[in-house]
Amino acid sequence: MFRSLLPALLVFFLGFVAFASTLGFGFTYDDHMIVEENRLIRDLDQAAVIFDSPYWVSFLSVGVGIDEAFGLYRPLTILSFAIDYAAFGIDPFFFHLMNVVLHGIVSVLVWNLMGCPAFGFRRNVALLIGILFALHPVHTEVVAGVVGRAEILSALFGLLCLRFRLGASEGNPWRRWVFSVFSLGFFFLALLSKENAVAVPLALLSIEVLRAGGVRRIRARWIEHLLYYGAITGLFFVFWFLLRYPVTGQVTTVQASLLDNVIPHLPFVAGILTSLGCLFRAFFLCFVPIGLSADYSYPQIEGPSWQSLDLWGLLVLGLGIFIFRKHLLRTGGASRRWILPGVGLFFAFYFPVSNLVLRIGTVFAERLLYLPSLGACILVAGWFLAGTRPRSRTLRVGMMVLLLGAFAFGTALRNGVWRDDATLYSSLVKTAPRSARSHFIYGQHLVREGGRRQEAVRELEKALSLYGDYDHAREALGSLLASMGKVTEALGYYQALVEKHPELPSLRLKLAELLVEEGRVVEAGREFVEVLRRAPDDPGAHHGLGRLEFSEGRRKLRDPAGPAKGRKLVLSALHHFTLSISRDPGRLSAVYDRGVAREALGRYLQAAEDYSLVAESLSESLPIVLVRLAFCRLMVDGPASGTPAESIDLVEEALRLSGRSPAVLSASQRVLEVLETRRARPELLDRLRAVLAGS
């Protein structure tokens with residue numbers, strides 16, 4: 001199949017070297033969910049489960065529905081990650097290495113495909129196309145991001161599909177049918193890698209029409225074409241309705257939100273104009289890959305306007321094509337041999353993701369240009385090497401060398417953006433300053449990084465200013481302000497969220513907790529009750545309501561006029577604590593609060609059991625728990641009681657851990673009072689008094 005090994009090695013080497021700097025990078029962006037946190041890649045024995053799971057299975061594991069998990073199905077991509085993990089573990093080096101190697105192989109396939117008789121390119125043209133593709137900076141998002149594996153695998157199998165189908169016409173009938181079967185198999189593998197492989201039959205059809213010189217001439221083999229494209233239709237059905245639909249429950253890829261894709265939310269004409277504007281942006285970036293960004297979400301792209309450079313560029317391009325159409329399509333001219341294949345492949349590969357007919361999950365992304373850029377490479381290589389006069393040819397070759405150097409330099413610079421989360425997210429707000437998501441992602445990163453909370457507040461506020469209905473940003477901002485002690489400001493954000501989404505218990509629960517911090521316990525109680533009305537098993541609501549009731553009950557227990565009512569409230573609080581623990585056994589704070597309630601009711605043995613459970617479960621014991629445990633053990637008679645010496649040991653440990661905090665000292669004083677009442681040995685009393693005195 002290959003005419004020479006040397007050009008193939010050259011193309012592979014250049015593609016590998018161009019992206020070799022990514023081998024030292026970590027996981028970034030979506031890599032964390034798709035690779036690091038994906039339980040399915042941890043065991044190759046789960047290969048069957050991979051084919052029965054959506055792409056974003058990590059979201060489902062935390063209770064997110066299939067619709068919100070984007071409804072994507074890419075089992076072959078996930079399987080490739082599982083193979084990487086089985087061979088090398090979770091080391092990002094090997095995941096990046098596989099991406100770079102696969103990109104080199106795809107670049108070689110591009111060179112080989114362009115050299116086949118169907119295109120009629122000279123060897124030097126095919127080689128230049130392969131090198132341009134290998135070095136193109138617009139491919140950085142695909143190769144440098146581990147999750148770009150989906151694009152690379154889809155391209156790999158898609159190009160193999162094209163090559164085997166075109167190779168089927170280069171031999172006898174047996175070869176034709178065998179190669180056609182292989183072509184169909186590779187197309188199906190491309191579909192299993194990523195859905196945009198639906199573009200491959202469009203690209204193949206455009207190539208065959210161009211090769212035959214028109215639609216009429218392909219009628220000579222109409223039976224073969226009918227069977228082949230009929231088989232492709234059957235593979236579509238198998239993939240979409242027998243494999244994909246039972247897993248995702250969706251026929252289309254996704255119901256896109258406004259943030260992801262503004263086009264479905266625009267009027268029809270405005271949506272078409274925005275799609276066409278994005279098409280020009282894609283065309284432009286394939287030729288002039290500057291100002292690249294990993295994010296184009298709303299309102300970075302928000303719809304058509306007179307200020308949109310995309311629409312003006314599209315208008316100028318359309319006028320240019322119309323004015324020079326006769327020159328561009330001159331019959332028998334050199335231009336026709338590379339312009340039509342270049343333009344045809346660009347539009348064939350880009351059309352399914354253009355949002356012109358099928359609405360996809362994103363308005364625009366550079367990862368979608370991986371195969372469409374092949375059309376641009378054909379146009380560039382054809383223009384550079386189409387000159388016939390020696391002087392013109394020399395000039396074009398010199399310009400070509402400069403272009404290749406610029407591509408290599410641009411790729412090296414762009415690679416560095418994907419080094420880690422901090423570098424990538426900080427670049428987002430620079431390259432996509434009008435994207436609400438960019439500011440939200442960067443703000444969230446600053447929160448996780450710690451120590452830069454004020455900057456995070458500014459970024460989240462910027463996200464909200466760009467998109468006022470950005471509820472995730474509003475919730476993140478409210479949570480951040482609450483952690484900074486700005487409870488009143490945080491309350492405003494959560495109240496707005498609850499008004500907008502009254503059906504979400506988690507938001508109402510957070511609002512209730514903030515109301516407690518503000519001292520508005522009556523309002524907080526109403527919110528806890530409302531949460532339990534909507535979600536009776538919510539452990540947080542039971543715990544919060546129990547705390548309110550216990551606080552009020554303990555106050556009434558100390559009031560001579562209302563001990564009966566106080567005891568009733570404490571018993572109710574105890575019930576809520578128990579329900580909270582039964583729903584969430586790992587909620588140690590509820591276990592501790594139940595122990596406090598039991599202690600208030602005089603149930604010292606049960607309280608000691610709760611305190612012991614908390615102390616044993618924590619990697620570093622809480623001082624107050626140790627003191628309460630010492631007190632309750634002294635208050636218990638029988639085998640479960642603690643000795644005075646053991647209680648004093650617990651008090652000493654608590655004081656050491658707490659740095660002699662007032663709360664722990666006050667609780668320790670109760671232990672001393674019990675020992676004095678029980679008439680403990682004088683030497684033990686003297687020891688505890690010395691401990692409390694700090695001597």
Side-chain angles (χ1 to χ4, degrees), residues 8-9 11-47 50-51 55-58 72 74-112 130 133-160 186 189-194 196-197 294 366-367 370-371 373 411-412 414-421 424:
L9 291 175
V11 172
F12 178 85
F13 174 76
L14 292 175
F16 187 94
V17 170
F19 293 95
S21 61
T22 66
L23 299 181
F25 294 178
F27 293 118
T28 56
Y29 214 2
D30 291 339
D31 296 349
H32 300 297
M33 289 291 286
I34 296 297
V35 180
E36 274 191 301
E37 301 171 19
N38 192 344
R39 55 182 172 80
L40 290 185
I41 74 166
R42 303 302 175 105
D43 187 358
L44 269 179
D45 292 338
Q46 298 189 87
I50 289 174
F51 283 82
Y55 183 62
W56 288 94
V57 69
S58 296
L72 301 180
R74 300 166 188 173
L76 205 58
T77 299
I78 299 299
L79 182 61
S80 76
F81 294 143
I83 294 172
D84 287 355
Y85 183 86
F88 309 111
I90 201 64
D91 189 344
F93 172 86
F94 294 102
F95 286 87
H96 284 294
L97 176 63
M98 187 58 67
N99 271 25
V100 176
V101 169
L102 288 172
H103 171 68
I105 295 173
V106 170
S107 301
V108 173
L109 283 174
V110 166
W111 160 76
N112 180 255
F133 187 89
L135 299 177
H136 208 305
V138 85
H139 297 160
T140 301
E141 179 177 350
V142 169
V143 183
V146 174
V147 295
R149 179 81 57 85
E151 298 284 351
I152 301 175
L153 287 177
S154 179
L156 173 69
F157 294 122
L159 291 175
L160 285 171
F186 285 124
L189 293 177
L191 281 176
L192 292 174
S193 301
K194 191 173 182 182
N196 60 0
E366 288 161 17
R367 61 182 177 274
Y370 190 64
L371 270 183
S373 66
T411 297
R414 186 64 187 159
N415 284 347
V417 171
W418 291 80
R419 180 172 302 279
D420 51 40
D421 284 339
L424 177 60

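Below, all heavy atoms of this structure are taken into account, side chains as well, without hydrogens, waters or symmetry copies. This structure is a prediction, so every number in the text was calculated from the model and none was measured.
- Partners of Phe27 by ring-ring contact (aromatic ring centres under 6.0 Å, His included), not counting sequence neighbours, listed by chain and number: Phe95.
- In this structure, the side-chain hydrogen bond (donor to acceptor under 3.5 Å, both in side chains) partners of Ser154, at least two apart in sequence or on a different chain, are Asn196.
- Scanning for ring-ring contact (aromatic ring centres under 6.0 Å, His included) contacts around His136 gives His139, Phe407, with sequence neighbours left out.
- Remark: Phe186 engages Phe164 in a ring-ring contact (aromatic ring centres under 6.0 Å, His included) (not counting sequence neighbours).
- Shown here are the side-chain contact (heavy atoms from CB on, under 4.5 Å) partners of Val101, two or more places apart in sequence or in another chain: Phe12, Phe16, Leu97, Ile105.
- Applying the side-chain hydrogen bond (donor to acceptor under 3.5 Å, both in side chains) test to Glu366 and every residue at least two apart in sequence or in another chain returns Tyr296.
- Annotation: side chain of Leu371 is in contact with side chain of Leu159 (closest heavy-atom distance under 4.5 Å).
- The side-chain hydrogen bond (donor to acceptor under 3.5 Å, both in side chains) search around Asp43 returns none, not counting sequence neighbours.
- Side-chain contact check for Leu79 versus Phe51: some heavy-atom pair is nearer than 4.5 Å.
- Side-chain contact between Phe133 and Val106 is present, with at least one heavy-atom pair separated by less than 4.5 Å.
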For a quick test of your reading: what N or O donor-acceptor pairs under 3.5 Å do the side chains of residues 140-148 make, sequence neighbours left out?
{"unit_1": "Thr140", "atom_1": "OG1", "unit_2": "Pro137", "atom_2": "O", "d": "2.8"}
{"unit_1": "Glu141", "atom_1": "OE2", "unit_2": "Arg367", "atom_2": "NH1", "d": "3.1"}

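- The shortest distance between side-chain heavy atoms of Asp420 and Phe25 does not fall below 4.5 Å.
- Listed by chain and number, the residues in a salt bridge (charged side-chain N to carboxylate O under 4.0 Å, His left out) with Asp31 amount to none (sequence neighbours excluded).
- Residues forming a ring-ring contact (aromatic ring centres under 6.0 Å, His included) with Phe19 (at least two apart in sequence, or on another chain): His103.
- Of all heavy-atom pairs spanning Ile90 and Glu36, the tightest one is CD1-CA, 4.2 Å.
- Annotation: side-chain hydrogen bond (donor to acceptor under 3.5 Å, both in side chains) contacts of Asn415 (sequence neighbours excluded): Ser21.
- The side chain to side chain donor-acceptor pair (under 3.5 Å) analysis of residues 90-101, with sequence neighbours excluded, yields the pairs Asn99-Arg149.
- Distance check: Leu153 CG to Leu102 CG gives 5.5 Å after rounding to the nearest 0.5 Å.
- Between the CG atom in Asn38 and the OH atom in Tyr55 there is a gap of 9.0 Å [rounded to 0.5 Å].
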